[in-house]
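On a predicted model such as this, the values are computed, not experimentally measured, just so you know. Quick note on labels: first sequence line is chain A, next is B, and so on, each numbered from 1.
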2 protein chains.
Amino acid sequence: MAELDTQLKKGTLELCILALVQKERKYGYDLVEQLKVLGMIITEGTLYPILIRLRTDGYLVATWEESEQGRPRKYYEITEKGTQMLTESIKQWKEYVAIVNTIISHKYT
Amino acid sequence: MAELDTQLKKGTLELCILALVQKERKYGYDLVEQLKVLGMIITEGTLYPILIRLRTDGYLVATWEESEQGRPRKYYEITEKGTQMLTESIKQWKEYVAIVNTIISHKYT
DNA sequence: CCTTATATTTTGTATTACAAGGTATATTGT
DNA sequence: ACAATATACCTTGTAATACAAAATATAAGG
């Protein structure tokens, strides 16, 4: 059986990344750092494919930007489609959490 | 991108099934029906492999029981190990939900 | 009989987080 | 000058898992 934590991420990582980018435009490496601070550890091999998926599907747009020091950064911004998707996803997430909480608290007949 | 609902289930289905069986010993088909009522649709092709995994790992035990009508049923009960696992999993689940809620509500700096 | 409901199981598929590694640039320490 | 570290992006291959679909089996009801 895989780590529970790994499994829990499936489905919510895209949601979280959309939400983070919605609050503030971000580049990939920064997202990994920020998620770590917030208590969600992901590797770059996880993040970059997600960013590519979200961009391919039109939820994010990317622009290269020179950095004063170090490599140029690819900044991501959320699109209108991305915002709609995020709103819908958050709704589904909350519904799902409610169901799971009902089950684990044995509050059903 | 797959259905969000499908992805959300990964990781929490085992948790939910352990919790359902903890409350009352159950057989497979009954679990599918009960989950449907509670708002979580899963197919048999999803449930039975999970039950096998949970039994193989020692979290559940199974006993065949004759039914007055229809096929015999394989009833599942939670083990001590299963109860410990469930307690730990619920703790992790709650921590994870808290992190996701922080992110989607933009309540961080 | 034939359909429906009950009940378990198996096979194959698509998705996705991750480990591991590769590429590239700037800073810091010795 | 040189090595190590931090920053930053990307790719490849793997393991885990929900699901569709089908196979198997028994009893009840029209």
Side-chain angles (χ1 to χ4, degrees), chain A residues 1-18 25-37 40-57 60 62-76 89 92 96 99-100, chain B residues 1-18 25-37 40-57 60 62-76 89 92 96 99-100:
Chain A
M1 205 148 58
E3 288 289 307
L4 174 57
D5 206 55
T6 296
Q7 294 308 114
L8 291 179
K9 285 177 195 162
K10 301 194 179 182
T12 50
L13 272 186
E14 296 191 353
L15 178 68
C16 288
I17 288 159
L18 276 178
R25 66 198 290 272
K26 288 278 184 187
Y27 56 97
Y29 195 82
D30 192 17
L31 284 166
V32 175
E33 299 289 296
Q34 178 148 36
L35 282 165
K36 198 187 294 174
V37 170
M40 194 180 296
I41 313 285
I42 66 167
T43 66
E44 293 156 29
T46 300
L47 178 71
Y48 287 110
I50 291 176
L51 288 174
I52 291 166
R53 280 207 303 275
L54 291 174
R55 197 162 85 91
T56 302
D57 294 345
L60 295 178
T63 45
W64 280 104
E65 223 160 284
E66 295 296 326
S67 173
E68 303 262 314
Q69 68 258 36
R71 296 198 58 184
R73 298 161 175 173
K74 197 187 253 182
Y75 275 89
Y76 290 89
S89 294
Q92 277 183 247
Y96 191 76
I99 292 172
V100 173
Chain B
M1 206 149 56
E3 288 289 308
L4 174 59
D5 207 54
T6 295
Q7 293 309 115
L8 291 178
K9 285 176 194 160
K10 300 194 180 185
T12 50
L13 274 186
E14 295 191 352
L15 179 68
C16 288
I17 288 158
L18 275 178
R25 66 200 289 271
K26 288 278 184 188
Y27 56 97
Y29 195 82
D30 192 17
L31 284 167
V32 175
E33 298 291 296
Q34 178 149 35
L35 281 165
K36 197 187 295 173
V37 170
M40 194 180 296
I41 314 285
I42 66 167
T43 66
E44 294 152 27
T46 301
L47 177 71
Y48 287 109
I50 292 176
L51 288 174
I52 290 166
R53 280 207 303 273
L54 291 174
R55 197 162 84 92
T56 302
D57 294 344
L60 296 177
T63 44
W64 280 104
E65 222 159 284
E66 295 297 325
S67 172
E68 304 260 316
Q69 68 259 31
R71 297 196 59 186
R73 298 161 176 171
K74 197 187 254 183
Y75 276 87
Y76 291 88
S89 294
Q92 280 187 52
Y96 191 76
I99 291 171
V100 173

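The minimum heavy-atom distance linking R55(B) with A62(B) is given by the pair CD-CB, 3.5 Å. Heavy atoms only, all atoms of each residue included: L47(A) and G28(A) are closest at CD2-O, 3.0 Å.
Between R71(A) and Q7(A), it is R71(A) whose nearest contact on DNA chain D lies nearer the 5' terminus. Between T6(A) and E44(B), the residue anchored closer to the 5' end of DNA chain C is E44(B), taking for each the nucleotide with the nearest heavy atom.
Taking side-chain N and O atoms only, K9(B) has a distance below 4.0 Å to OP1 or OP2 of dC19(D). The phosphate of dC18(C) has neither OP1 nor OP2 within less than 4.0 Å of any side-chain N or O from T43(A). Neither OP1 nor OP2 of dC18(C) sits under 4.0 Å from any side-chain N or O of K10(A). One finds a side-chain N or O of R53(A) lying less than 4.0 angstrom from the OP1 or OP2 phosphate oxygen of dA17(C).
With a 4.5 Å cut-off on side-chain heavy atoms, M40(A) and L13(A) count as touching. Considering only heavy atoms from C-beta on, L4(A) stays 4.5 Å or farther from Y96(B) through its side chain.
Summarising the geometry, atom CG belonging to L60(B) is positioned 8.5 Å from atom CD1 belonging to I17(B); distances are rounded to the nearest 0.5 Å. Here OG1 of T46(A) is found 7.0 Å from NZ of K9(A). Values are rounded to the nearest 0.5 Å.
What separates CD of E14(A) from C1' of dT16(C) is a distance of 9 Å, to the nearest Å. As a whole-Å value, the separation of K36(A) NZ from dA6(D) C1' is 11 Å. One interatomic measurement links the two molecules: CG of D5(A) to C1' of dT16(C), which rounds to 15 Å at whole-angstrom precision. Rounded to whole Å, the distance from CG on L35(A) to P on dC18(C) is 11 Å. Across the protein-nucleic acid pair, L54(B) atom CG and dT17(D) atom P stand 10 Å apart, rounded to whole Å. In this structure, the CG atom of L51(A) is 14 Å from the P atom of dA8(D), given to the nearest Å. Rounded to a whole Å, the CD1 atom of I52(A) is 14 Å from the C1' atom of dA17(C). Rounded to a whole Å, the CD atom of E66(B) is 13 Å from the C1' atom of dA25(D).
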* Would you check, one step at a time, whether the test side chain to side chain contact (heavy atoms under 4.5 Å, CB included) holds for L8(A) with T12(B)? => CA-CA 7 Å; L8(A) 291 179; T12(B) 50; 3.7 Å; yes
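One end of the helix from dC1(C)-dG30(D) to dT30(C)-dA1(D) points its axis 0° away from the other end's axis, with each axis taken from 5 pairs and the angle rounded to 10°.
When distances are taken from the side chain of Y27(A) to each of dC9(D), dT10(C), dC18(C), the shortest belongs to dC9(D). With dT8(C), dA17(C), dC18(C) as the choices, the nucleotide that has an atom nearest any side-chain atom of I42(A) turns out to be dC18(C). The side chain of Y29(B) lies closest to dT8(C) when the candidates are dA17(C), dT8(C), dT11(D). Of all nucleotides listed (dA8(D), dT10(C), dC18(C)), dA8(D) comes nearest to the side chain of Y48(A).
Panel note: side chain K10(A), backbone T6(B); no donor-acceptor pair is recorded below 3.5 Å.
Nucleic acid contact for G45(A): base, since at least one base atom lies under 4.0 Å from a heavy atom of the residue.
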